[in-house]
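Below: the structure, in structure tokens.
Keep in mind the model is a prediction, meaning the values are calculated, not measured.
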Amino acid sequence: LVASRLDVVSALAGRISPIANWAITNQQCRWIMDKVLGIAQGRKLPRVTSRPFLRRAARRRLTRSSRSSERKVAYFVDLYANNHDPQLAESTVAVLKHNGVAVYVPTGQKQSAMAAISSGALDIARRYARRNVDVLADAIRQGYHVVTSEPTAAICLQKEYPKLLGEEDARQVAANSSEICSYLWNLHTIGKLQLDFKPVNASLGYHMPCHLKALEVGAPGKNLLKLIPGLTITPIEEGCSGMAGTFGLRSSNYRASLRMARGLLHRIRDEDIQAGTTECSACKIQMEQGTTKPTIHPIKLLAYAYGLMPQVRELLTGGG
């Protein structure tokens, strides 16, 4: 039940973020979380933010729809970018705007509900799906294309919601949704992507998430990163990260999860690789589990290369 309602847990934790962020690094608190919630004591957990991105978006008036007749997207944020890594959401918005795309962040959107689907809590999943489809289908009728920075959320929008709801609005959302790197790569293929990247001298190990493979869109994130001068991308083809959504968070699965990721973690530790990169938040958690090196979403690296997100330098230099 906890895994299927992580949005509620994260939101509550965000209200007491100094205490919550202390607790996830405190041995005694983690022992209690292990025994009571079943979250593995040894699992490194992402910090929570006191200022979720959806709240920031409202203050920046991104929640107001645009009358533009040009290219425009509705951003489906999902749980991780909203409650744990708003820098990812900020980077997504910045890169889209840099490329002349109007960005709308619909109010009322909820988490994608993949955790509920995976755990068999289909009644909870349908409630989330129903809400998200209502919000996003309305945006599509206003001429928006839906993008998300989370491959798992893209899977929900494109494949799971039509099965859960079996209705025309869900099929419309599925047909008009893209993972963000896929959307940007499509812009590049039609000559509409800005290529004013500054050089980034770094060597990164790229892991392709299983959910991105399931979207059958190739490797758009890796392809985009190859456009950045000075950046060396080494594909790490070691199979699944072993997280499988919330599978790797659970105490009962923790060791099995790490065994599955043995090859991936070994490659990330290679001295020739400065940091990891992947589109998936769960894969990022696993990749950072076995090393002190950060794992950075491709969209953050694009924002940095465009000169839009200088804070990413701290990640590349080990200061973040």
Please determine whether side-chain contact (heavy atoms from CB on, under 4.5 Å) holds for the pair V146 and V73, giving the CA-CA distance in whole Å, both sets of side-chain angles, and the decisive distance to 0.1 Å.
CA-CA 6 Å; V146 178; V73 302; over 6 Å; no
Please tell me whether H98 and D196 have a donor and an acceptor in their side chains that are separated by less than 3.5 angstrom.
yes
Shared ILVMFWY cluster between I236 and L316, side chains joined below 4.5 angstrom?
no
Is there side-chain contact between F53 and L62, with at least one heavy-atom pair below 4.5 Å?
yes
Considering non-hydrogen atoms only, spot the tightest contact between L204 and I273 and give its length.
C-CG2, 4.2 Å
Count I, L, V, M, F, W, Y as connected when their side-chain heavy atoms are under 4.5 Å apart, and connections chain through other members. Are W31 and L249 then in the same cluster?
yes
Single-linkage hydrophobic cluster V48~L37, side-chain heavy atoms < 4.5 angstrom:
no
Indicate whether any N or O donor in one side chain lies under 3.5 Å from an N or O acceptor in the other, for T148 and E179.
no
Evaluation steps, side-chain contact (heavy atoms from CB on, under 4.5 Å), between K72 and V103:
CA-CA 6 Å; K72 56 186 186 178; V103 181; over 6 Å; no
Does K44, at its NZ atom, have more than 12 non-hydrogen atoms belonging to other residues, nucleotides or ligands within less than 6.0 Å?
yes
So does Q172 get a backbone contact from the side chain of N176, meaning a donor-acceptor N/O pair under 3.5 Å?
yes
Could you walk me through whether L96 and Y183 satisfy the side-chain contact (heavy atoms from CB on, under 4.5 Å) test, starting with their C-alpha distance in whole Å, then the side-chain angles of each, then the deciding distance to 0.1 Å, before giving a yes or no?
CA-CA 10 Å; L96 286 166; Y183 179 85; 3.8 Å; yes
Are R60 and E90 side-chain neighbours, meaning at least one heavy-atom pair lies under 4.5 Å?
yes
Nearest heavy-atom contact between I117 and A125 is CG1-CB, 3.6 Å
Nearest-0.5 Å distance that lies between atom NE2 in H145 and atom CD1 in I140
8.0 Å
Test side-chain contact (heavy atoms from CB on, under 4.5 Å) applied to Q194 and L187, step by step:
CA-CA 9 Å; Q194 295 294 321; L187 282 188; over 6 Å; no
Would you confirm whether R47, through its side chain, and H84, through its main-chain N or O, come within 3.5 Å as a donor-acceptor pair?
no
May I have the step-by-step check of salt bridge (charged side-chain N to carboxylate O under 4.0 Å, His left out) for R30 and D34, ending in yes or no?
CA-CA 6 Å; R30 291 302 303 273; D34 190 315; over 6 Å; no
Between S91 and H297, do the side chains contain a donor N or O and an acceptor N or O under 3.5 Å apart?
no
To the nearest 0.5 angstrom, please state how far the OG1 atom of T234 sits from the NE2 atom of H207.
15.0 Å
Donor-acceptor pair, side chain of E150 and main chain of L79, under 3.5 angstrom
no
Mark yes or no for whether D270, through its side chain, and H266, through its backbone, hold a donor-acceptor pair below 3.5 Å.
no
Between Q286 and R43, is there a side-chain donor-acceptor contact under 3.5 Å, judged purely by atom types and distance?
yes
Output, in order, the C-alpha distance, side-chain angles, deciding distance and verdict of salt bridge (charged side-chain N to carboxylate O under 4.0 Å, His left out) for D85 and K300.
CA-CA 11 Å; D85 191 5; K300 289 190 182 185; 2.9 Å; yes
Please give me the minimum heavy-atom distance between S50 and S17, naming the atom from each residue.
CB-OG, 3.3 Å
Side chain to side chain, V95 and V101, heavy atoms closer than 4.5 Å:
no
Please check if the side chain of H211 supplies one atom and the backbone of P151 the other of a donor-acceptor pair under 3.5 Å.
no
For R262, does the CZ atom sit with more than 12 other heavy atoms under 6.0 Å from it, leaving out its own atoms?
no
Determine whether a donor-acceptor pair (N or O, by modelled atom type, separation under 3.5 Å) exists between the side chain of N132 and the backbone of Q111.
yes
Side chain proximity check, I24 to C29, heavy atoms < 4.5 angstrom
no
Run the salt-bridge test on D123 and R127 with the 4.0 Å N-O cut-off and return the result as yes or no.
no
Distance from L227 atom CG to W185 atom CH2, nearest 0.5 Å?
5.0 Å
Within a reach of under 6.0 Å around CD of E168, are more than 12 heavy atoms found that belong to other residues, nucleotides or ligands?
yes
Compute whether any side-chain donor of one residue and acceptor of the other, for E279 and Y206, lie under 3.5 angstrom apart.
yes
From OG1 (T295) to CD (E288), nearest 0.5 Å:
5.0 Å
Would K293 and Q274 count as having a side-chain donor-acceptor pair, cut-off 3.5 Å?
no
Let me check something: do L265 and M260 share a hydrophobic cluster, defined by ILVMFWY side-chain heavy atoms less than 4.5 Å apart, either directly or through other members?
no
Do L12 and W22 share a hydrophobic cluster (ILVMFWY, side-chain heavy atoms under 4.5 Å, transitive)?
no
Output yes when E167 and R130 qualify as a salt bridge under the 4.0 Å nitrogen-oxygen rule, no when they do not.
yes
Does I296 offer a backbone N or O that forms a donor-acceptor pair with the side chain of T277 under 3.5 Å?
yes
Exercise: identify the closest heavy-atom pair between V133 and A170
CG1-N, 3.7 Å
Determine whether a donor-acceptor pair (N or O, by modelled atom type, separation under 3.5 Å) exists between the side chain of S119 and the backbone of A116.
yes
Any chance you could measure C156, atom SG, to L164, atom CG, to the nearest 0.5 Å?
8.0 Å
I'd like to check L231 versus K226 (side-chain heavy atoms, cut-off strictly below 4.5 Å). Are they in contact?
no
Can you confirm whether F247 sits close enough to S118 that some side-chain heavy atom of one is under 4.5 Å from a side-chain heavy atom of the other?
no
Is the shortest heavy-atom distance from the side chain of F76 to the side chain of S177 under 4.5 Å?
no
Main-chain N/O of A256 paired with N253 side-chain donor or acceptor, under 3.5 Å
no
Are Q289 and Y254 close enough that a side-chain donor and a side-chain acceptor fall under 3.5 Å?
yes
Would you give the length of the straight line joining atom CD of E238 to atom CE of M208, rounded to the nearest 0.5 angstrom?
14.5 Å
Would a line drawn from the ring center of Y104 to the ring center of Y144 be shorter than 6.0 Å?
yes
Looking only at heavy atoms, the pair that brings T278 and P209 closest together is OG1-CG, 3.4 Å
Do Q41 and S251 meet the criterion of a side-chain donor-acceptor pair at a distance under 3.5 Å?
no
Any side-chain heavy atom of L302 within less than 4.5 Å of one from F197?
yes
Is the number of heavy atoms from other residues, nucleotides or ligands within 6.0 Å of CZ (R141) greater than 12?
yes
Which heavy atom of N21 sits nearest to which heavy atom of T25, and what is that distance?
O-OG1, 3.7 Å
Among side-chain atoms of Y161 and S112, is any donor-acceptor pair under 3.5 angstrom?
no
